[in-house]
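Nothing fancy with the numbering, it's 1 onward along the sequence.
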Amino acid sequence: MAKAKSTCKLLTYGIYNKWDKQDKNLPKLKEYTTLVPAIIDIEFGFVLQIEKAKGKKLSFCIDHPGIYDDKGRQRAPFTGDVYIKQNSWKFYLGDTIWAPINDKLGEWRMSVEVDGQEVACKTFTVIPEDELSDPFNSFR
């Protein structure tokens with residue numbers, strides 16, 4: 001009998017409540033958007049629903065706009081691997097803004113692969129807070 005094909009669906013994306021990695025619950029969506037105000041500790045990213053992929057390797061990449069380390073060197077994109085734990089599994093990929101803000105401005109491309117095949121990708125644009133209208137003031 002052929003093995004059922006795994007599926008991956010983008011459930012939500014945008015700005016979320018602060019995420020605690022130790023908590024079983026994923027962060028809650030506050031606003032669907034790909035435009036992110038450059039506010040310290042704002043949380044943004046996406047949630048995937050992955051089905052029928054237990055045991056497969058999930059690889060993720062957050063390609064940021066040129067963040068510098070404490071020695072002034074540009075950091076490589078943030079990458080990692082996890083193994084899918086259940087046949088029906090939700091996965092959150094996200095990041096936050098931290099000081100200094102200037103090197104966080106620009107496009108952040110977040111992508112996920114399962115067994116070497118890209119299943120999700122979203123690009124977020126981080127812009128200075130003063131370039132946004134009033135609705136984002138609620139994210140402080």
Would you mind writing out the side-chain donor-acceptor pairs for residues 95-106 within the sub-3.5 Å range, not counting sequence neighbours?
{"unit_1": "Asp103", "atom_1": "OD2", "unit_2": "Tyr68", "atom_2": "N", "d": "2.9"}
{"unit_1": "Lys104", "atom_1": "NZ", "unit_2": "Trp98", "atom_2": "O", "d": "3.3"}
{"unit_1": "Lys104", "atom_1": "NZ", "unit_2": "Pro100", "atom_2": "O", "d": "2.6"}

Distance-minimising heavy-atom pair for [X] and [Y]:
X: Cys61; Y: Leu93; result: O-CD2, 4.1 Å
X: Gln86; Y: Ile84; result: O-CG2, 3.4 Å
X: Ala120; Y: Phe46; result: CB-CE1, 4.1 Å
X: Ser59; Y: Asp81; result: OG-OD1, 2.6 Å

Is the closest side-chain heavy-atom distance between [X] and [Y] below 4.5 Å?
X: Glu31; Y: Tyr16; answer: no
X: Trp89; Y: Lys52; answer: no
X: Thr34; Y: Trp108; answer: no
X: Ser6; Y: Ile50; answer: no
X: Tyr92; Y: Trp19; answer: yes
X: Leu48; Y: Leu11; answer: no
X: Lys18; Y: Asp41; answer: yes
X: Ile42; Y: Ile15; answer: yes

Exercise. Taking the six-membered ring of Tyr13, is NZ or CZ of Lys122 closer than 6.0 Å to its centre and within 45° of its axis?
Worked result: yes
For this session: Look only at the side chain of Asp115 and the backbone of Lys57, and say whether a donor-acceptor pair between them is shorter than 3.5 Å.
Result: yes
[X] side, atom [atom1]; [Y] side, atom [atom2] - distance, nearest 0.5 Å:
X: Asp70; Y: Arg75; atom1: CG; atom2: CZ; answer: 7.0 Å
X: Lys90; Y: Lys85; atom1: NZ; atom2: NZ; answer: 15.5 Å
X: Met110; Y: Phe124; atom1: CE; atom2: CZ; answer: 5.5 Å

For this session: Using salt bridge (charged side-chain N to carboxylate O under 4.0 Å, His left out) as the criterion, list what pairs up with Arg109, not counting sequence neighbours.
Result: Glu118
Exercise. In chain order, what residues pass the salt bridge (charged side-chain N to carboxylate O under 4.0 Å, His left out) check against Asp69, with sequence neighbours excluded?
Worked result: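 Counting only residues at least two positions away or on another chain, Asp69 forms a salt bridge (charged side-chain N to carboxylate O under 4.0 Å, His left out) with Arg73.
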Exercise. Do Tyr32 and Ile39 belong together in a cluster built from hydrophobic side chains that touch within less than 4.5 Å?
Worked result: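 Yes, it is one cluster - the side chains of Tyr32 and Ile39 are joined through contacts under 4.5 Å.
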Problem set entry | Mutual orientation of the aromatic rings belonging to Phe60 and Phe91 [parallel < 30°, tilted 30-60°, perpendicular > 60°] |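 Tilted: the ring planes of Phe60 and Phe91 meet at 30° to 60°.
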Exercise. Can Ser88 and Glu51 be counted as having a side-chain donor-acceptor contact under 3.5 angstrom?
Worked result: yes
